[in-house]
Each structure stands twice: as C-alpha cells, then as structure tokens.
Amino acid sequence: MKLAILISGRGSNMDAILTAIRKGHMPQAQPVLVLSNLPEAGGLTIAREKFGLNTEVLVSNDLKGWEYDKNVMTLLQNYEISPTNGLICLAGFMRLLSPQFVSLFRNRIINIHPSLLPSFPGLHAQRKALEYGVKISGCTVHFVDKGLDTGPIIIQKSTPVLQSDTEESLSGRILRDEHLVYPEAIKLITEDRLKISGRMVLINGEH
Ligand code: GRF
C-alpha cells in the first residue's frame, strides 16, 4: 500500500510513522510522498533528510475545497497513488478536505486528532479539554469522512489530565501516545484487518 503523508507543520507524527516503517513494523506500507500546504513545514526537511523521501509543496493560494484538492489528486496520480493502492495519512494537515476528494478516496484517508472524539473536534483540542475540566483526554485515529473529525474511529488511547497540566504539558503527553497509535492504525489497515460497519470499525483478530 502506497502512503502519502500530508502535513502542515513539524511532522512528529510523520516521523513516528516513517520510523515504524523503517523498523519493519509495517512491511506492507510503502511511503511514497510527503506533501505540505506550507513550504515552511519542518516535517518536509525530516522527510527528505532523515528518510530520503520525496516531498512536495502545494500552497493554498486562496484555492478553496475541490479547487485545491484536485491539484492534490493530480500530484498523487503523478506518484501513482490511487484510491485502490493508496492510503492518505493526515498528520497535522491544516486543511479540511473537500467532499469530492473524500468520496474519491473513500475509506482511504485517515487522520489523527489530539482528543477522545467526539469530544473536542477541530482546533485547540487540548486547550478545550483543559478548559472543560475533563479528567481524561487522549487521541483518536479515525477514517476521514465529509465532516470535521467525525469519521469512524479506528483506535483511541486515553491520557489522564493532571491538575497541574498546562496546554503544553498535556499536548506533550498526548503527542507521545499519538506516536504509538498512528503507526498501529496504519499497520492494521495495511494488513487488511479492518472492516467498517456503519460507524463501527471492526478489528479482525481482536477479542
Ligand atoms: C498533532 O497533535 C495531531 O494530533 C494534530 O496536529 C498535530 C500535528 O503534530 N492533528 P505533528 O506535526 O505531527 O508534530
């Protein structure tokens, strides 16, 4: 399965995914491309220099929705990444994908979010969790559907919220868990162990 990882920033989840692949944890996953909408995304350098991967930048230029996403689609085609052989991993990609793109790559796009969805979708999830006063937060890997952080959930991992937490300290602990669960979710998909039934993601071989 050919992986395209879409980022906008430092790329620590991307790094965790590529490290797991390099260690041989997902033999069926073939990383092909890292794409950013921002040229200054730190993850681009990591992808190139640490992993020798192809990187591409598609700046937004005020393009909205499908106008932008069709350029993404063309780029993926150039790398021979298709809805049948590909998996698109959003890892801090700060754009909402259009319904057209999501339909095209149906159940072939996944995302990681720093909360236990459906709590605190969207931006600043860790800050919202602190402000709300929850005692447990965490992270979620989910399939991407047409909504914002609403698709079927693949894996979640909980993280306790401490009384002394700041947004930074909580984000840091959640991030460490993100780096564990994102590669795990990709492994399950590349091993063809998931079945989507309505909102439920069933994991073959799990009891
Ligand atoms: C992570 O917290 C992820 O959950 C969210 O954006 C952040 C990306 O961080 N979607 P990084 O670029 O992977 O370090």
Side-chain angles (χ1 to χ4, degrees), residues 3-22 25-26 29 31 33-51 53 55-60 72 87-97 101-102 105 109-132 134 136-161 165-187 189:
L3 260 57
I5 305 176
L6 274 53
I7 63 169
S8 300
R10 69 191 157 190
S12 72
N13 277 288
M14 174 209 74
D15 193 331
I17 294 164
L18 295 174
T19 300
I21 293 173
R22 181 179 271 178
H25 293 170
M26 306 104 108
L33 170 68
V34 172
L35 166 67
S36 173
N37 62 325
L38 298 176
E40 64 271 24
L44 290 169
T45 314
I46 300 173
R48 274 193 308 268
E49 294 183 1
K50 183 170 171 190
F51 297 99
L53 265 185
T55 61
E56 297 279 355
V57 175
L58 272 182
V59 288
S60 298
V72 177
L87 180 66
I88 297 170
C89 306
L90 308 183
F93 186 62
M94 302 300 281
R95 282 186 66 99
L96 192 59
L97 294 169
F101 188 88
V102 172
F105 279 87
I109 312 171
I110 59 175
N111 181 42
I112 184 143
H113 184 74
S115 76
L116 293 177
L117 291 171
S119 291
F120 314 121
L123 292 175
H124 309 303
Q126 304 94 328
R127 188 192 306 170
K128 288 180 198 157
L130 274 179
E131 284 170 358
Y132 199 93
V134 295
I136 300 173
S137 190
C139 58
T140 304
V141 184
H142 62 94
F143 285 104
V144 171
D145 67 7
K146 292 170 189 172
L148 175 63
D149 301 324
T150 51
I153 290 169
I154 304 168
I155 303 187
Q156 293 187 300
K157 192 165 183 345
S158 63
T159 308
V161 180
D165 264 331
T166 60
E167 187 181 351
E168 288 68 35
S169 64
L170 178 61
S171 302
R173 284 205 314 289
I174 292 176
L175 192 66
R176 284 208 293 276
D177 286 338
E178 293 182 40
H179 296 165
L180 301 177
V181 296
Y182 211 169
E184 187 56 32
I186 294 171
K187 182 175 162 68
I189 294 171

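One-based numbering, in listed order, for ligands and for the atoms of each.
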Distance (rounded to the nearest 0.5 Å) between Asp149 CG and Leu123 CG: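 Going from CG on Asp149 over to CG on Leu123, the span is 9.0 Å.
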CD1 (Ile5) and CD1 (Ile21) are apart, to the nearest 0.5 Å, by 6.0 Å
Do you know which two heavy atoms are closest between Ser8 and Asn37, and how far apart they sit?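 The answer is OG-OD1, 2.7 Å.
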Minimum heavy-atom separation for Gly122 and His113, please, with both atom names.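 That would be O-CE1, 3.1 Å.
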Donor-acceptor pairs under 3.5 Å, side chain of residues 177-186 to any protein atom, not counting sequence neighbours: which ones?
from: Asp177; atom 1: OD2; to: Thr159; atom 2: OG1; distance (Å): 3.0
from: Glu178; atom 1: OE1; to: Asn13; atom 2: ND2; distance (Å): 3.0
from: His179; atom 1: NE2; to: Ser12; atom 2: OG; distance (Å): 2.8
from: Tyr182; atom 1: OH; to: Leu90; atom 2: N; distance (Å): 3.2
from: Tyr182; atom 1: OH; to: Leu90; atom 2: O; distance (Å): 2.8
from: Tyr182; atom 1: OH; to: Ile110; atom 2: O; distance (Å): 3.2

Anything with a heavy atom under 4.0 Å from ligand 1 counts, so go ahead and list those protein residues by chain and number. Arg10, Gly11, Ser12, Asn13, Gly92, Ile112, His113, Pro114, Glu178
I want to check something: taking the side chain as every heavy atom from C-beta on, are Phe143 and Ile189 in contact at a cut-off of under 4.5 Å?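 Yes, at least one pair of side-chain atoms sits under 4.5 Å.
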